[in-house]
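Beneath this line is the structure, given in structure tokens, with notes to follow.
Chain letters run A, B, ... following the sequence lines, proteins first and then strands; every chain starts at 1.
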Amino acid sequence: MITAVRTPESLAAAVGHAAAGGRLMAGGTVVMAQVNSGSVGSPELVSLRRAGIGGISLDGSAARIGATTTLAEVEESPELAFLRDAVRSIASPAIRSLATVGGNLFVPQPYGDLAVCLLALDATVEIAGPDGSREVPVDVVLANGVAPGEVVTAVRLAVPAPGTWFYHKAMRRKLNSAAIVAVAAVVGTAGGVVTSARIALGGVAPRPVRAVSAEGVLIGRPLETDVLDEAGRAARGDIEPFDDAYASAWYRARVLPVHLRRAFLG
Amino acid sequence: MASQVVNLRVNERSREFLAAPGTSLLSSLRDALGLMAAKRGCAQGSCGTCTVLLDGRPVMSCLVAVETVDGASVRTLEGVARDGELDEVQAAFLEGFATQCGFCTAGMIMSAEALLDRNPDPTREDVVEAISGNVCRCTGYGPIVDAILDAAARRRP
Amino acid sequence: MRYKTNPIDRTYFADEPAEDFNVIGSVVQRSDALGHVTGRTTFFEDLSPPDLLHVKMHRSTRHHARILGVDLTDALAVPGVVRILTHADIPNNVFTPLKLIGVQPDDEPVLAEGKVRYLGEPICAVVAETEAAAYEGAARVRVDYEELPAVLDVEEALAEGAPIVNEYHGNNYFTYEGHHCRRIRFGDVESAFAAADHVFEWRYQSAPIEHAPTETTGCIVVPQPDGRLRIHSDTQACFFTLDNTALILGTPFNKLRIVGGTVGGGFGGKVDIAVEPVACVAAMLTRQPVKYVYSRYEEMQVSSPRAAERIYIKDAVMADGRITGRKITLYVDAGAYSRHSPYGTTKAAAHLPGPYSIPNVWADCHCVFTNRTPSSAMRGFGVTIGDFALESQMDRIARELSMDPLRLRLINAYRDGDMKAHRKVAEGTALVEVIQKAAEMVGHELPAEYRQMSSMDRASMDREGR
Amino acid sequence: MAKLRGRGYASVNYPTGMNLGGDPSQALIHATTTGTFVVSLSSVDLGQGLKTVVAQCAAETLGLPMENILVDTADTDTGPHCMGTFASRGTHRVGNAVIMAAAEAREVMLAVAAEELEVDAGDLETDGTGYIQVKGAEEKRVHITDLALAAHFTHGRTISGRGIFLKEKNDPVPETGEMDPDSCQAHACTVAVVEVDDETGVVEVLEMHNAYEIGRALNPAMVAQQVEGGAWMGMSHALFESTEPYYPTRDHGPGDFNEYLMPGPADIPMYHNAILERPAGNGPFGAKGIGEMTANAPIPAIANAIFDACGVRLDTMPFTPERVLRGLDELRGNHH
């Protein structure tokens, strides 16, 4: 049973409550669902809603998105327009007006499509804790979470150059459904061949993963069907698919190359 | 810890009430304020029957810890009709036979209100997107989508 | 008004007498719609009596197990927990949904006693001052189990040596007047197979399906000053609920009053008497209003689904498309208890062999018990999955014979005066006409003799050689 | 990659009601002092519109406008017995009971009007707007408001009626299955048009054409609601729904509407529906009851359309992308 809900009005206070053992909550879309079913497992909640860590700022192509920025705010942000399709593939409007960028990092797969995007974007995560702040690559947070008492305060990313951002999500329904396979990628080309590639996958492992094998296949080659199919097959080496209510591990692995190709060729 | 006093502006009226720790906005509306239009269909944010507008945005009210939104403004279906007159969305749902069991209706209408507030001239795709988190088990959605498009047309000058 | 209607095509059944109606056949506004669009319709959970207590259930974590012990100590220590009900608190701890109309069996306890037979079976009901305390109490109940082998497949359940799901039956099937299944015996299918140009046999299967009403199953019980209980419920059948609840409580029937009738979707799932008996016991023992409403998870995983079915269909077919024999073996996965599944299986049998006149029909329809959430009524009870199998079968036959699938159906369609396999003479049939209409709608051309067929005129079919 | 299009057919019938233990429903009807007729039931409206349709039955039978009818239902202290709302029985059973009750009440109404107008009851008719009048001499009439007042305060009469519909119990013959389980049969034929993504196995239903024979469309707008909602549920069953996606094992059972998949508003096809009417002799104004049937034909129609599109025979519901793709792989001899 919940005995206290804290709504600290500063980051320092939030860190203090978190360090004291409170369960952090940003949009509440995960935590409140657990509260409502009596399964949250912590008597004290710490809401980040008023901790002053929201908002989007842009410096050249460097974007900083505060942790409590909602998905709806990202969706509406002209600076982050490249992420609009990805954000719209997440849940529904009444969830996106609550769910946050920071919270999305901690959502279990096959949810957490924005985290997949952040992995592809090589984002950096700003973290505040009782012993000060630190910045780590997003893959570290996705793999290890943060320490007790730490609070994610923002993510930083470089807005990809025009024509280099790719996103595709396969779902059971056209809208409002979890990822069967989500593909997010920043891929640069020159002279018709791939010069740089960072591909992240969702829905195919316990956490968002880099498709490093696929990236290796693409480098130096054109973004064409055969190459992408080969890359997609290679990506099967990068995943740990699972069964759930949406699809089996077999199906996820089976269609991964299709969706990897479709992320680039539609 | 004891219950907290929470202030909300609900349907343009100031309301003050006590909330036990962890109470959702949905439970507060229903149990503390007696506003029963928003429904508890899943308490997991998966059905949309509890959709209300929180500071103008549609939210699943079951997922909002009410203590964290002290001072916010909330609009529920009870606040949609003006002086007893149905608004365009309500009228379109009524006349378009867009209700069957009625349990999803409040959430559907609030999602539609949120859409039309921001986008007075929505496409069919916009409408579908706006209600994509609202489950209806009776109608098959078609009449609801039609009613929201109809409401937009009624609202246009 | 901007509502939808569908065109009524009166060129079919044009001989039906035209009647001059005042309001029948007219679009009349739904009487409940104004309440719905203003949010003022009152569903049962919109009632909020003072001092309301909440029930949450501690449920089985095993498919099949003996209950060795139940420890309530930690649960009772949760602040706000008022009381915890076990089977010992239920006066007559057995569901008897159809007892008053003389239909058995009474094979399901209200709260588990000695054994659990499916994952999610209710064991203890925690009554608390808040929903959160009830959840916390339910989580702190400790049950000591001795795991038993479970059976989860209908055919495995009927195999020799399978674990017995429910000792009440002694077998894993419902016994129909001495038979292990509901039978249809009409004509002689074996002769039909022997004489057929083709024999086709295929298998079909479904998985359980949830009703998924947006409003979950629940009730609020309010003790009245005169000692009666007023039960606000979203039941689909007020008197089913009243009668069965009274029998479980061991009270006179007139001690209970059901108030319902406005339901947030049912689809058959709210025919079971799932929540009222426990809520009434809690209200009687505490003398306070009590709410027991399923969570969405309970609705999805614990409430009765549409049964999974497995269906084998073997058909004797002549080269011209006439189906002369149909043999069906059907298994309904009832789960751990009967509920309405024995009836649903009979309803399935009566529906066979589908809307076709087939002179030889044999069916064995098994109502099978497994260690699964008990299934029960759902929209199309006994028919929906059968129709999937039957109409898939028709399509496959048409393809095997390279026949137009609609002509195959028209040749075999039942007409007025035909005797169906359950020996009821068909009347008011219209299969021929809906097929003709559908063909017309999609531009599927039918030869004149098929367009001229009529449900009322067997001769039109005789010209096809029957 | 290709999107393969196919068309599939299915035709079905559906029985109204049940025989289990007998299948009764009752209605009581009485006029208040001002001529409102209260229909007392204990029947449940699940959203299909039962309250509206029985009010229509009462109004039609009484010969009064809808405004004069109130339906008071689902209170076991005040309403007579109803077996329940299931088995497509609501409109049929309750409608019949209401018609019977309303016919009895009408007879009393006309008898009181005959006294009031000092004419023969057999010469009276209702005009549908609230007047009871002498046939062929319409100026000689009384409004139901005045008549009900007079019945109460002058004539000392209750204008009321009782109705019951009972489908009697029928036990199947155990050896043969001979039985009489239902009251009438409604009919449907569905043609589904689908598109199958041959790389992912995803099936999209593009169009559904449905012809329904329903006896009588008592309220055409509510018929449209039922048939479209039912067709949607059939499509949902066909392509998405299960509480146990890995049946017969019980793993990964969905617990909420995120996991329990149903088509959303973006996933619905174009519907083309048509209604035929062959009134049932035992139905209220010929109506048969169609609540359940509408979900049935779409399932096999979609299965058959998938086969038509891509040659994969789905014999297991639901027709998930995985099942379609496994079938395609098998056809292609392609085991990824």
Side-chain angles (χ1 to χ4, degrees), chain C residues 3-6 8-9 12-13 22-24 27 30-31 101 103 152-153 177 183-185 204-210 236-238 242 257-261 263 266 271 296-297 300-301 305 343 350 355 379-380 384 387-388 391-392 395 405 409 422-423 428 430-431 434-435 437-438 441-442, chain D residues 9-13 20-21 42 44 46 49 51-52 56 59-60 73-77 81 84-86 128 174 176-181 184 187 189 191 209 211 213 218-221 224 241-244 247-248 253 255-256 273-276 278 280 285 292 296 299-300 303-304 315-317:
Chain C
Y3 52 80
K4 239 184 252 186
T5 58
N6 306 127
I8 298 177
D9 188 338
Y12 296 87
F13 308 112
N22 192 23
V23 291
I24 290 296
V27 173
R30 297 177 59 105
S31 57
I101 53 174
V103 176
L152 295 171
D153 180 88
E177 299 96 20
R183 298 144 54 106
I184 299 288
R185 299 289 185 270
Y204 305 90
Q205 170 75 54
S206 71
I209 289 173
E210 160 59 17
Q236 286 181 232
C238 293
L242 187 151
R257 175 184 183 185
I258 312 286
V259 180
V263 177
V271 179
R296 181 52 61 184
Y297 182 85
M300 293 280 183
Q301 288 295 318
Y343 166 70
R379 186 183 203 164
T384 301
D387 279 348
F388 156 58
E391 287 303 295
S392 297
D395 196 65
R409 287 173 172 83
H422 62 283
R423 291 174 166 77
L431 192 76
V434 292
I435 294 171
K437 179 64 186 175
M441 289 167 75
V442 297
Chain D
Y9 303 86
S11 57
V12 302
N13 61 337
L20 180 78
S42 67
V44 173
L46 305 174
K51 284 184 272 199
T52 308
Q56 284 181 265
E60 187 69 48
T73 192
D75 182 333
T76 56
D77 273 11
H81 175 262
T85 302
F86 45 78
T176 61
E178 177 176 350
M179 61 180 126
D180 178 12
C184 50
H187 302 86
C189 184
V191 184
H209 305 261
E213 187 283 308
L218 300 182
N219 184 329
E241 293 186 46
S242 175
T243 59
E244 301 182 18
Y247 181 89
D256 63 22
N273 298 326
I275 305 295
L276 309 184
R278 185 177 187 197
F285 304 105
E292 300 178 278
N296 292 349
I299 302 170
N304 297 340
D315 59 11
T316 301
M317 290 171 58

Problem set entry | Full working for side chain to side chain contact (heavy atoms under 4.5 Å, CB included) between Q205(C) and D315(D) | CA-CA 6 Å; Q205(C) 170 75 54; D315(D) 59 11; 5.9 Å; no

Exercise. With respect to chain C, which residue among C184(D), G128(D), A10(D), S42(D) yields the maximal number of heavy-atom pairs within a distance under 4.5 Å?
Worked result: A10(D)

For this session: Check whether any side-chain N or O of R409(C) sits under 3.5 Å from a backbone N or O of Y9(D) as a donor-acceptor pair, and report yes or no.
Result: yes

Seminar exercise, completed: Among S392(C), A438(C), P208(C), G260(C), the residue with the most heavy-atom pairs under 4.5 Å to chain D is P208(C)

Exercise. Looking at A350(C), G261(C), A237(C), which makes the most heavy-atom pairs under 4.5 Å with chain D?
Worked result: G261(C)

Exercise. Roughly how far apart are K437(C) NZ and N273(D) CG, rounded to 0.5 Å?
Worked result: 11.0 Å

For this session: Select, from R296(C), R183(C), R30(C), the one with the greatest count of heavy-atom pairs under 4.5 Å involving chain D.
Result: R30(C)

For this session: Specify the closest pair of heavy atoms between A221(D) and V27(C), including all atoms of both residues, with the distance to one decimal.
Result: CB-CG1, 3.6 Å

Problem set entry | Side-chain heavy-atom pair R257(C), D75(D) within 4.5 angstrom cut-off | yes

Exercise. Side chain, backbone, both or neither: which part of T73(D) has a heavy atom under 4.5 Å from chain C?
Worked result: backbone

For this session: Ignoring hydrogens and angles, tell me if any N or O in the side chain of E391(C) forms a donor-acceptor pair with the backbone of V12(D) under 3.5 Å.
Result: no

For this session: Go through the atoms of V271(C) and report whether side chain, backbone, both or neither lie under 4.5 Å from a heavy atom of chain D.
Result: side chain

Seminar exercise, completed: Heavy atoms of E292(D) and G380(C) approach each other most closely as OE2-N, 2.7 Å

For this session: Nearest 0.5 Å please: distance from the CG atom of N219(D) over to the OH atom of Y3(C).
Result: 8.5 Å

Problem set entry | Contact leader toward chain D among T5(C), D153(C), L242(C), where contacts are heavy-atom pairs under 4.5 Å | T5(C)

Exercise. Does any non-hydrogen side-chain atom of I8(C) lie less than 4.5 Å from one of L276(D)?
Worked result: no

For this session: For the pair E178(D) (side chain) and H422(C) (backbone), establish whether a donor and an acceptor sit closer than 3.5 Å, ignoring hydrogens and angles.
Result: no

Exercise. Relative to chain C, which segment of A303(D) carries a heavy atom at a distance below 4.5 Å: side chain, backbone, both, or neither?
Worked result: side chain

Exercise. How far apart are the C-alpha atoms of R423(C) and T176(D), what are their side-chain angles, what is the distance that settles it, and do they pass the side chain to side chain contact (heavy atoms under 4.5 Å, CB included) test?
Worked result: CA-CA 9 Å; R423(C) 291 174 166 77; T176(D) 61; 3.5 Å; yes

Seminar exercise, completed: To the nearest 0.5 Å, atom OG1 of T384(C) lies from atom CE of M317(D) at 8.0 Å

Exercise. Should we say atom CZ of F285(D) is surrounded by more than 12 heavy atoms from elsewhere, each under 6.0 Å from it?
Worked result: yes

Problem set entry | Heavy-atom contact with chain C under 4.5 Å, split by part of V191(D) | side chain

For this session: Hey, could you give me the CG/CD1 distance between D9(C) and I275(D), rounded to the nearest 0.5 Å?
Result: 10.5 Å

Seminar exercise, completed: Heavy atoms of S31(C) and K51(D) approach each other most closely as OG-CB, 3.8 Å

Problem set entry | Greatest number of heavy atom pairs closer than 4.5 Å to chain C - which of G84(D), P220(D), A224(D), A274(D) | P220(D)

Exercise. Using a cut-off of under 4.5 Å for heavy-atom pairs, which of T85(D), I299(D), N304(D) has the most such pairs with chain C?
Worked result: N304(D)

Exercise. So how far is it from Y12(C) OH to E213(D) CD, rounded to the nearest 0.5 Å?
Worked result: 12.5 Å

Problem set entry | I24(C), part contacting chain D, at a heavy-atom distance under 4.5 Å | both

Exercise. Counting only N and O atoms by type, is there a donor-acceptor contact under 3.5 Å from the side chain of E177(C) to the main-chain atoms of P174(D)?
Worked result: no

Exercise. Taking all non-hydrogen atoms of both residues, which atom of T316(D) and which atom of F388(C) are closest, and how far apart?
Worked result: N-CZ, 4.1 Å

Seminar exercise, completed: Of P405(C), C238(C), P305(C), the largest count of non-hydrogen pairs under 4.5 angstrom with chain D goes to C238(C)

Problem set entry | Donor-acceptor under 3.5 Å (T76(D) side chain, I258(C) main chain) | yes

Problem set entry | Pairwise distance CD1(I435(C)) to OG(S11(D)) - rounded to 0.5 angstrom | 3.5 Å

For this session: With the side chain counted from C-beta on, respond yes when M300(C) and T243(D) share a heavy-atom pair under 4.5 Å apart, and no when they do not.
Result: no

Problem set entry | Any donor-acceptor pair under 3.5 Å from Q56(D) side chain to V23(C) backbone | yes

